[in-house]
Amino acid sequence: QVQLVESGGGLVQPGDSLRVACAASGGTQSGSSMAWFRQAPGKEREFVAAISRDGRNTYYAASVKGRFTISRDNAKNTLHLQMNILKPEDTAVYYCAAGLSGISPYRAADYRYWGQGTQVTVSS
């Protein structure tokens with residue numbers, strides 16, 4: 001059973017940077033695309049970014065493109081999301097996902113494994 005554990009969330013001010021991480025255990029995820037989703041209070045879970053199994057291809061939501069960078073280290077079974085120029089609307093619980101079963105990396109329903117989430121709050 002694969003387990004994903006996120007870390008690195010916190011309270012930051014608008015314009016700040018933050019890096020969240022996801023550690024995978026119980027199985028290697030080097031053969032799977034991985035992704036970050038987020039969910040704000042009262043809203044549906046939304047796609048943030050995804051990365052192919054070899055790290056060569058990345059995908060971003062329009063709202064974060066140019067500000068966020070997704071990366072992975074298959075040797076360490078870790079996934080990262082570097083978030084720059086954070087805005088109040090980035091406030092959400094950020095979830096790590098793995099085990100993509102479909103072709104498209106954008107749909108939450110196509111990921112088999114999920115972490116418990118880490119809270120990111122952007123506020124002055």
So, for [X] and [Y], which heavy atoms are closest and what is the spacing to 0.1 Å?
X: S33; Y: R72; value: CA-NH1, 4.0 Å
X: Y95; Y: Q116; value: CE2-O, 3.5 Å
X: M34; Y: C96; value: CE-SG, 4.0 Å
X: A24; Y: L4; value: CB-CD2, 3.6 Å

Point to revise | Value rounded to 0.5 Å, distance of OG in S71 from NE2 in H80 | key: 6.0 Å
Practice item. Any chance you could measure Y59, atom OH, to S52, atom OG, to the nearest 0.5 Å? Key: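 It is 6.0 Å, given to the nearest 0.5 Å.
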Output side-chain donor-acceptor pairs under 3.5 Å for residues 98-110, partner residues at least two apart or in another chain, one line each.
{"residue": "S101", "atom": "OG", "partner": "D110", "partner atom": "O", "Å": "3.1"}
{"residue": "S104", "atom": "OG", "partner": "Y106", "partner atom": "N", "Å": "3.3"}
{"residue": "R107", "atom": "NE", "partner": "D110", "partner atom": "OD2", "Å": "3.1"}
{"residue": "R107", "atom": "NH2", "partner": "D110", "partner atom": "OD1", "Å": "3.0"}

Would you mind writing out the side-chain donor-acceptor pairs for residues 8-23 within the sub-3.5 Å range, not counting sequence neighbours?
{"residue": "D16", "atom": "OD2", "partner": "Q13", "partner atom": "N", "Å": "3.1"}
{"residue": "S17", "atom": "OG", "partner": "N84", "partner atom": "OD1", "Å": "2.9"}

Check your understanding: In this structure, which one of L81, N57, L79 forms a side-chain contact (heavy atoms from CB on, under 4.5 Å) with I51?
Key -> L79
Side chain proximity check, [X] to [Y], heavy atoms < 4.5 angstrom:
X: K87; Y: R67; value: yes
X: F47; Y: W36; value: no
X: R38; Y: D90; value: yes
X: S25; Y: Q3; value: yes

In the single-linkage hydrophobic clustering (I, L, V, M, F, W, Y; side-chain heavy atoms under 4.5 Å), do [X] and [Y] co-cluster?
X: V93; Y: W114; result: yes
X: Y94; Y: Y111; result: no
X: I70; Y: F37; result: no

Practice item. Output, in order, the C-alpha distance, side-chain angles, deciding distance and verdict of side chain to side chain contact (heavy atoms under 4.5 Å, CB included) for V48 and M83. Key: CA-CA 11 Å; V48 175; M83 302 181 288; over 6 Å; no
Review point. Between E89 and T91, is any side-chain donor less than 3.5 angstrom from a side-chain acceptor?
Key: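 No, T91 and E89 have no side-chain donor paired with an acceptor closer than 3.5 Å.
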